[in-house]
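Model, not experiment: these values are computed from the prediction. Chain letters run A, B, ... following the sequence lines, proteins first and then strands; every chain starts at 1. Note that these values count all heavy atoms, side chains included, but never hydrogens, waters or copies made by symmetry.
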Amino acid sequence: MNGSSGIEARGLRNRYIGGLSGGEVGERVTVCGWVARVREHGEHLVFVDVRDYSGIVQVVAHSTLDLRSEYVVQVDGLVSMRPPGTENPGLATGNIELTETVIEVLSSADPPPFSLLDRVDVDEATRLRFRYIDLRRDRMQHNLRARARINSAIRSSMERQGFTEIETPLLWTPTPEGAREFVVPSRLHQGSTYVLPQSPQIAKQLLMVAGFDRYYQIARCLRDEDLRADRQFEFTQLDLEASFVTQRDIMDFISDAVVSAAEAADIHVNSEIGEISWKDAMDRFGSDKPDMRFGNELIDVTSVFARTEVRALSSPCLKALVAPNPVSLSRSKLDDLVDRAKLLGAKGLLWLRVVASDNGLLLESPVSKFLTEQETSDLIAAAQVADGDIILIVGDIWEKACQVLGQVRLDLGKSQAHPDEYKFTWVVDFPLFEGIDQDGRLISAHHPFTMPNQEDFPRLESDPLSVRSQSYDLVLNGWELGSGSIRIHRGAIQSKIFSLLGISEEEAHNRFGFLLEAFKFGAPPHGGFAFGIDRLAALLVGEENIREVIAFPKTQSGSDLMTGAPKEIDRKVWDLLGLAVKDSKKDLS
RNA sequence: GGACCUGUGGUGCAGCCUGGAGUGCACGUCGGCCUGUCAAGCCGAAGGUCGCGGGUUCAAAUCCCGUCAGGUCCGCCA
C-alpha cells in the first residue's frame with residue numbers, strides 16, 4: 001500500500017511517485033516513469049521531474065546522463081527533505097526529493113509533437129493523431145479515470161438494486177427503422193448481413209420474457225448517423241430493463257445510478273431529482289431537454305395580440321422571452337438574432353425594447369407604432385418587464401414557436417448558468433406520436449413498443465396525437481442523457497399500435513417476428529431505460545464534448561486520425577464476402 | 001445533403017480586411033554557459049510546399065474559384 005490510490009507497487013519499482021512523502025525520509029526507493037522536465041544547472045546539478053500516473057517527484061542528479069523529455073526511466077534514490085527554502089508548495093511531493101540517485105533509461109523518446117502541459121492548447125486533429133501522447137496529459141488521465149469510477153459506481157448501484165449483468169450480441173439482426181445500422185456482411189451466408197446493434201432494446205425485452213426480472217449492461221451501441229459534439233458512431237449506455245415494475249420504479253433505479261455516478265466524480269446532487277411534463281418543458285423552456293440551471297422562461301402572449309392588426313403578430317401561437325442580458329444586445333446583435341431565428345425555421349423574430357418615459361413604460365420596436373395602447377400595456381404586464389429590458393417574440397404554430405425561442409433562450413442565457421451546478425430533471429408524459437408523415441401515418445415518438453398512458457387509451461383512435469406515453473427522459477443541464485419507457489407486453493395493444501403506425505402485420509412479422517412470437521409465451525409487464533455514459537461522464541468532468549472522455553474517438557467525418565480507419569481493403573476480402581465495390585476513389589486491385 | 005468557422009517552422013498565435021522579399025511573438029528542439037531550480041536563467045543556432053490545385057495581377061500567405069482536412073450547427077440520431 002504505497003501508491004496514491006493505495007495499490008501496491010511491484011515489479012520494476014517499489015513505490016508510486018504520488019505516494020512518496022516526508023514520512024519515508026532516509027529510505028531508498030525505486031520508482032518508474034517518464035521524464036517530465038529537465039532543469040540543468042551544469043554537470044554538477046541537474047533536476048529531473050519524473051512522472052508516473054500518480055504524481056511527479058523531483059530527482060536530483062549530478063551526472064551528465066543524457067535525459068530528455070518523455071524518456072522512460074527507472075530511478076533508485078534516497079527520499080530526502082529538500083533544503084530549507086527550496087520546497088515547492090505547488091507539488092504534492094514538493095517538500096522532498098530523491099537524491100543519491102541511480103537512473104536507468106528504460107526507453108529513449110523522440111521529442112513529443114506537442115506539449116504535455118494542460119495549459120497549452122493543441123489542435124484536436126494533432127491530439128487525435130498522437131492520441132497515446134494526448135492521453136498522457138493530466139486532463140485526459142483525469143477524465144478517463146473519472147469515467148472508470150463512474151462506471152464502477154453505476155455497476156455497484158445496479159448490483160445493489162438486484163440487477164443481473166448480461167451481455168447481448170454485437171452481431172445482431174437488421175430491424176430496419178430508427179437509426180441507420182452498421183452492416184456486417186456474412187461470409188458463410190453470402191448476400192446476407194448482420195448489423196451492429198443501435199441498442200440492445202429487443203434483446204433486453206427478450207431477457208424479461210426469459211424471466212431475468214432485472215437486467216442491466218454497460219453496453220456499446222452503434223449508429224451510422226452523422227457525428228456531433230455529443231454523438232459518436234459508437235457510444236456506451238447503461239442499459240437496463242425490469243419486470244413487474246411501474247414507470248416510477250424505473251425512474252428510482254436510474255436516479256440511484258446517476259446520483260452514485262455523480263458522487264464518484266465528486267459531485268453532490270440533491271437526491272430529489274426534479275420532474276417536468278413534456279408539455280410544460282416545451283411551454284416554459286422551449287425544449288424537451290430543458291437546461292433548468294437558469295430561469296428566463298418563455299411567456300405565452302398569444303392572448304395579448306388576439307385581435308392585433310400587425311401581421312407579424314397574427315399567429316396561432318406567440319411566445320415571448322425577456323432577454324437575460326439586455327445591455328449586451330445592440331441593434332446589430334438583435335438583427336443577428338432575427339437571422340438566427342429564421343435559420344431555426346421561424347418566419348421571424350420581433351424585438352421590443354422597454355423604455356421609461358413620463359407616461360410610463362413604452363416599447364421601442366420596428367412595430368411599436370402599430371401596437372394599440374392596450375396591447376402595449378398588456379405585453380408589459382404579461383412579461384413583467386422594467387426599463388431597459390428587451391422582449392423577444394416569435395409567432396408560429398405552438399411547437400415551432402416554443403422550439404425557436406427555446407434555442408434563443410439557450411444562446412442568450414447559457415453563459416449565466418453556473419458551471420458547477422448539476423440539474424438532473426425527469427421529463428415525463430411525452431406524446432406517444434410525434435406527428436404524421438406524408439402518407440398520413442402516425443410516427444412513433446419513442447419506439448413502437450412504448451405503452452400508451454392508461455388514461456389516454458380511449459383517445460387512441462379519435463385523437464391519437466393527444467395520447468401520452470409511459471415514457472420518460474432524463475436530462476442534465478440541457479443534455480438528453482437517456483430515455484426509457486414501459487413497454488407493451490400484450491399482443492392486442494401492440495397490433496393496435498402497429499396499425500396506427502401503418503405497419504402491416506406482414507411487415508411487423510418481418511421486422512420483429514421473433515419478439516412478437518416470444519410475447520406469445522408469457523411476457524411479463526416490463527419497462528426499462530438507457531442513458532449515455534459518455535454524455536454523463538463528459539458533463540460530470542466539465543467537458544463540452546464527449547470525445548474528451550473517450551480514449552480513441554472518431555472525428556466528425558468518422559475518421560480515426562491515429563489508425564487511418566476507415567481504410568480500403570483488398571479485393572480478395574470483398575471476394576471472400578461475395579461483394580464487389582461499385583465506386584471507389586482509388587483502384588483497388 | 002446544407003450553413004458557418006479554422007488551416008502560416010514541431011506546438012500555439014500575429015500577419016490576410018487595405019497584395020509588395022517567409023516579416024514577427026511565445027513555447028519547444030539543437031549547441032554552449034551555469035551548484036538549488038521547479039513554466040529555471042543567460043548566449044547562440046537550426047527549423048517553412050503560408051493545407052492542396054487553379055485563376056486575377058508586374059507581384060498572392062493576403063483577392064477570387066475549386067478542393068481536402070479539422071471543428072460547430074441544421075438535416076439525420078425510433
Visitor: Answer yes when A/E480 and A/R535 have at least one side-chain N-carboxylate O distance shorter than 4.0 Å, and no when they do not.
Guide: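 Not counted as a salt bridge, because no side-chain N and carboxylate O are separated by less than 4.0 Å.
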Visitor: Could you say whether A/V38 or A/T99 is positioned toward the 5' end of RNA chain B, judged by the nucleotide with the nearest heavy atom to each?
Guide: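 Its nucleotide being nearer the 5' end, the pick is A/T99.
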Visitor: Between B/G71, B/U29, B/U11, which one does the side chain of A/V120 approach most closely?
Guide: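 Closest of the options to the side chain of A/V120: B/U11.
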Visitor: What's A/T555 touching, base or sugar-phosphate or nothing? Going by heavy atoms closer than 4.0 Å.
Guide: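 Sugar-phosphate contact only - A/T555 comes under 4.0 Å of backbone atoms but never of a base.
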Visitor: Out of B/U72, B/C76, B/G70, which has the shortest distance to the side chain of A/R547?
Guide: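 Nearest listed nucleotide: B/U72.
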Visitor: Counting only side-chain heavy atoms from C-beta out, which of B/G10, B/G36, B/G12 sits nearest to A/P113?
Guide: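 Of the options given, the side chain of A/P113 lies nearest B/G10.
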Visitor: Indicate, yes or no, whether a donor-acceptor pair under 3.5 Å links the base of B/G70 to the side chain of A/R127.
Guide: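 No such pair is found, so the answer is no.
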Visitor: When only distance counts, do a donor and an acceptor, one from the side chain of A/R39 and one from the base of B/C34, lie under 3.5 Å apart?
Guide: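 Check fails, no donor-acceptor contact within cut-off.
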Visitor: Do A/Q217 and A/T168 have side-chain atoms, one donor and one acceptor, less than 3.5 Å apart?
Guide: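 On atom types as modelled, these side chains qualify, holding a pair under 3.5 Å.
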Visitor: Taking donor-acceptor contacts at under 3.5 Å, does the side chain of A/Q58 reach the base of B/U37?
Guide: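 Indeed there is one.
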Visitor: Rounded to the nearest Å, what distance is computed from the CG atom of residue A/D123 to the P atom of nucleotide B/G7?
Guide: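 Rounding to the nearest Å, CG of A/D123 and P of B/G7 are 10 Å apart.
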Visitor: I'd like a table of atom pairs between the protein and nucleotides 66-68 of chain B - only N or O on both sides, under 3.5 Å - with the distance next to each one.
Guide:
none

Visitor: Would you kindly compare A/K554 and A/A179 by the position of their nearest RNA chain B nucleotide and give the one closer to the 5′ end?
Guide: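 Looking at RNA chain B, the more 5' nearest nucleotide goes with A/K554.
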Visitor: For the side chain of A/T86, counting heavy atoms from C-beta on, which of B/U37, B/C73, B/A39 is nearest?
Guide: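 It is B/U37.
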Visitor: Report yes or no: is the ring centroid of A/F47 under 5.5 Å from the six-membered base ring centroid of B/U37, with the two planes under 30 degrees?
Guide: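 Yes, A/F47 stacks on the base of B/U37, since the ring centres sit under 5.5 Å apart and the planes are within 30°.
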Visitor: Taking the side chain of A/E97 as its heavy atoms from C-beta onward, which of B/G70, B/U37, B/C77 lies nearest to it?
Guide: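 So the nucleotide nearest the side chain must be B/U37.
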Visitor: Examine the base of B/C77 for any acceptor or donor lying under 3.5 Å from a partner atom in the side chain of A/R231, and report the outcome as yes or no.
Guide: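 Result: at least one qualifying N/O pair found.
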Visitor: Counting side-chain heavy atoms from C-beta on, which of B/U72, B/U35, B/G70 comes nearest to A/H44?
Guide: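 My answer, after comparing the listed nucleotides, is B/U35.
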Visitor: Taking the side chain of A/R82 as heavy atoms from C-beta outward, which of B/U37, B/C77, B/U29 is closest to it?
Guide: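 In terms of side-chain proximity for A/R82, the closest of B/U37, B/C77, B/U29 is B/U37.
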Visitor: Under 30°, 30 to 60°, or over 60°: which ring-plane class applies to A/F529 and A/F531, parallel, tilted or perpendicular?
Guide: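 Answer is tilted, since the angle falls between 30° and 60°.
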Visitor: Using a strict threshold of under 4.0 Å (side-chain N to carboxylate O), is an ion pair present between A/D339 and A/K342?
Guide: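 No, this pair does not count.
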Visitor: Answer yes or no for A/R547 and A/F552: cation-pi contact, defined as NZ/CZ to six-membered ring centre under 6.0 Å and angle to ring axis within 45°.
Guide: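 Here A/R547 fails the 6.0 Å and 45° test against A/F552.
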Visitor: Find the distance A/D411:CG to B/C73:C1' and express it as a whole number of Å.
Guide: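 Nearest whole value for this atom pair: 11 Å.
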Visitor: Indicate the ring-plane relationship of A/F519 and A/H526, choosing parallel, tilted or perpendicular according to the 30° and 60° boundaries.
Guide: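 A/F519 and A/H526: perpendicular rings.
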Visitor: Is there a stack between A/H41 and B/C34, judged by ring centres under 5.5 Å and planes under 30°?
Guide: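 Not stacked by the 5.5 Å and 30° rule.
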Visitor: Using the ring of each side chain (for Trp, its six-membered ring), is A/W278 parallel, tilted or perpendicular to A/F430, with breaks at 30° and 60°?
Guide: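 Tilted.
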Visitor: Tell me what A/Q232 touches on the nucleic acid: a base, only sugar-phosphate, or nothing, going by heavy atoms under 4.0 Å.
Guide: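 Since no nucleic acid heavy atom lies under 4.0 Å of A/Q232, the category is nothing.
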Visitor: Check whether the ring centres of A/H41 and A/F47 lie less than 6.0 Å apart, and answer yes or no.
Guide: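 Ring centres of A/F47 and A/H41 closer than 6.0 Å.
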Visitor: Taking donor-acceptor contacts at under 3.5 Å, does the side chain of A/D226 reach the base of B/G75?
Guide: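 It does, because a donor-acceptor pair links the side chain of A/D226 to the base of B/G75 below 3.5 Å.
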Visitor: Looking at B/G41, does its base get a donor-acceptor pair with the side chain of A/E40 below 3.5 Å?
Guide: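 Answer is no: no donor-acceptor pair is held.
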